[in-house]
Amino acid sequence: MKKQIGIVSIFCLLASNPSLLSQIAQEPPIYGSGDSSHPVVGRSGIVSSRDELSTKIGLDILKAGGNAIDAAVAVGFAMAVTTPQAGNLGGGGFMLVHHAETDTTIAIDYREKAPLGATRDMYLDEEGNVDPNKSRYSRMGAGVPGTVAGLAMALEKFGTLTLAEVIQPSINLAENGFPVDYDLYTSLKRGKENIQKLSPEAYSIYYHKDGRPYYPGEILKLPDLAKTLKAIASKGSDAFYKGSIAKLIARDMETNGGLITQKDLALYRPALREPVTGDFNGYQIASMPPPSSGGVHIVQMLNMLEPLDLSEYGHNSAKAIHLMAETMKYAYADRSKHLGDSDFNPVPVDWLVSKEYADSLRDKMNMDAATDSESIMPGTPPIEGPDTTHYNVIDKFGNAVANTYTINFSFGSKILVPGAGFFLNNEMDDFSAKPNVPNAYGLIGGEFNSIESEKRMLSSMTPTIVFKEGAPYLLCGGRGGSRIITAVLQVVLNVLEFDMNVSEAVAAPRVHHQWLPDQLRIEKTINTDTKSILESMGYELKAGFATGYTNAAMFEDGFFYGASDPRLPSGLAEGY
Ligand code: GLY
């Protein structure tokens with residue numbers, strides 16, 4: 001039995017309610033010839049995430065009759081165990097849900113909030129300069145975590161299973177142990193120095209006595225985390241926000257100079273929001289509204305690019321890359337001024353995503369050469385007016401979930417709550433510690449993203465669902481801080497504009513520009529001729545750093561398809 005959905009204002013995207021069940025094809029699909037890479041195929045549902053064990057847990061839930069929301073919540077808890085560098089209980093995120101039965105698409109905002117004790121200048125030293133260590137590597141950098149409340153809310157509103165049922169597989173993993181994968185091993189190896197310095201508790205759990213991290217294939221048991229998960233399974237999210245876990249967090253904060261109190265935790269609530277929407281060549285787009293900037297700028301950039309027919313120039317031709325880079329610069333310039341928590345400031349979303357505004361920006365674009373970032377300023381609205389992880393689930397009932405959550409850096413603040421077994425985020429670094437001083441991702445923020453108690457810090461997370469003729473068609477999202485938005489843009493364009501299958505779309509080389517610094521980040525697989533042309537157009541190229549990590553899922557012609565990013569050593573898309 002489905003539960004009653006108690007949302008007053010939910011966004012109704014579709015005129016009808018086309019259950020995917022009636023569209024599922026009986027004949028297996030024939031693989032396309034000439035494709036450079038194939039997605040996995042499913043006949044009844046699909047899960048794609050950056051972690052193999054978590055994908056399998058989600059898929060088991062779908063196979064047993066659970067829906068996409070049940071599976072997505074189970075994957076969220078599972079990644080908190082298997083992928084502690086990004087999956088989490090101590091962070092926050094954004095979930096976009098399409099619920100087939102009620103034909104609604106809704107954004108669940110479970111972003112962290114600034115604690116009550118947070119103040120505008122809390123990261124400035126005596127000379128008024130930003131001290132990044134405070135916002136990145138101390139308990140003062142932690143926002144009030146939203147993940148547990150967000151996942152519990154999604155399940156209660158749209159799921160069919162109990163919290164205890166979807167958490168049980170994660171308890172099993174934490175209690176009995178699981179084989180460490182290459183991704184976790186790599187993150188532990190890279191994070192060793194900081195973890196050892198900042199969290200003796202975490203160091204004793206994730207590293208052997210001789211100081212080496214758990215190697216791929218070694219079995220890691222997490223008994224404290226199992227205890228925490230059991231408390232949430234039996235007492236619900238109150239265990240985290242008002243019960244034993246809240247006490248552990250508050251005690252650790254008080255002893256070590258952090259700000260989060262039991263009152264902060266008791267006050268935390270996720271928010272239900274209407275997605276940002278747009279359309280591109282007849283497809284409907286739904287994505288994340290503020291306090292994420294992802295949805296606004298995906299729609300803004302697609303609006304700017306729609307009439308330009310990028311496919312005419314060819315995928316990743318110098319001209320196509322140039323036109324994308326120009327739109328990225330205008331979007332990130334606007335981000336720096338107009339985006340922040342819309343509960344605190346009037347973010348001009350309708351204006352930013354309007355076709356008229358996109359037309360006016362396109363008129364300013366130089367079609368043939370790079371516009372100097374210094375000459376691009378954020379627009380003026382009319383008077384009246386970082387380690388993250390993403391996954392997707394689509395079920396046979398037509399439900400679809402695109403979820404991105406994070407603790408910001410790999411292992412967040414690197415500080416583990418003693419006795420509770422999970423890492424705390426350092427998401428406060430996503431605020432503007434001082435207007436116009438860049439954060440860890442080089443992003444500039446303005447007044448709208450200044451620190452205020454109970455405010456949510458601006459994000460780039462971009463869980464996105466593209467609809468075709470009223471049904472979920474393409475789901476995608478990614479990790480990579482400021483690079484998430486442009487990575488998602490390119491996956492969407494690769495499918496909608498360049499006619500790639502979802503595996504090719506995720507794997508294809510990408511570029512990234514964020515206005516400031518005035519550099520075009522470019523993957524090393526972009527060919528040399530193209531790079532030379534871009535340089536002659538005035539671009540400073542910065543090579544060698546993968547531009548975000550994505551994964552995607554798709555429903556087309558009665559079949560489910562999935563792909564996870566080959567840029568990562570782990571990750572699995574699986575259908576059934
Ligand atoms: N912590 C990275 C983001 O939310 O954009």
Side-chain angles (χ1 to χ4, degrees), residues 50 76 79 83-88 90-96 107-114 123 132 135-137 141-147 150 187 270-271 273 276 287-298 328 331-332 334-336 338-342 347 386-391 402-414 423-433 438-446 448-449 451 455-464 476-489 512 514-516 547-550:
R50 81 184 253 186
M79 290 187 79
T83 319
Q85 64 272 41
N88 66 81
F94 299 99
M95 182 182 280
L96 197 59
I108 301 177
D109 164 3
Y110 59 98
R111 181 73 159 162
E112 300 91 330
K113 281 183 152 188
Y123 300 124
S135 61
R136 295 175 197 173
Y137 303 112
V144 183
T147 295
S187 301
R273 302 192 191 276
V276 171
S287 192
M288 210 66 213
S292 182
S293 57
V296 165
H297 297 306
I298 277 288
M328 290 171 188
Y332 280 77
D334 278 336
R335 185 189 190 281
S336 73
H338 298 300
L339 269 288
D341 184 346
S342 51
V347 179
D387 201 323
T388 300
T389 189
H390 176 85
Y391 56 88
N403 187 64
T404 314
Y405 74 153
T406 186
I407 40 178
N408 200 18
F409 290 6
S410 186
F411 305 105
S413 61
K414 318 279 190 275
F423 286 96
L424 279 170
N425 69 82
N426 59 347
E427 219 72 69
M428 292 289 284
D429 191 64
D430 278 349
F431 276 119
S432 308
N439 74 357
Y441 303 103
L443 288 169
I444 309 281
F448 279 15
N449 193 33
I451 305 171
K455 195 181 197 179
R456 289 173 158 97
M457 57 295 286
L458 183 58
S459 171
S460 299
M461 289 186 262
T462 315
T464 297
C476 73
R479 68 178 257 219
S482 57
R483 293 165 289 152
I484 297 173
I485 312 173
T486 54
V488 171
L489 172 76
H512 170 75
Q514 61 182 51
W515 176 52
L516 295 174
T547 46
Y549 301 93
T550 59

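Side chains included, hydrogens not; waters and symmetry mates left out as well; all remaining heavy atoms used. We count residues from 1, following the sequence as given. These figures come from a predicted structure and were not determined experimentally. For ligands, and for the atoms within them, numbers begin at 1 and follow the listed sequence.
Paired with M457 under the rule side chain to side chain contact (heavy atoms under 4.5 Å, CB included), one option of I451, N425, N439, D430 passes, and it is D430. E427 pairs in a salt bridge (Lys or Arg N to Asp or Glu O under 4.0 Å) with only one of the listed residues (R456, R111, K455, R136), which is R111.
Near R111, the atoms of ligand 1 lying under 4.0 angstrom from a non-hydrogen atom of the residue are 4 (O). Residue contact check: S460 has heavy atoms under 4.0 Å from atoms 3 (C), 4 (O), 5 (O) of ligand 1.
For the residue pair S135 / D429, a side-chain donor-acceptor distance below 3.5 Å is found, with atom types taken as modelled.
Using cut-offs of 30° and 60° for the angle between ring planes, the H297 and Y332 rings count as parallel.
At distances below 3.5 Å, at least one donor-acceptor pair connects side-chain atoms of T462 with backbone N or O atoms of S460.
Of the heavy atoms in E427, only side-chain atoms (C-beta onward) come closer than 4.0 Å to ligand 1. Contacts between E112 and ligand 1, counted as non-hydrogen atom pairs separated by less than 4.0 Å, are absent for every part of the residue.
Residue S459 has at least one nitrogen or oxygen atom sitting less than 3.5 Å from a nitrogen or oxygen atom of ligand 1, judged on distance alone.
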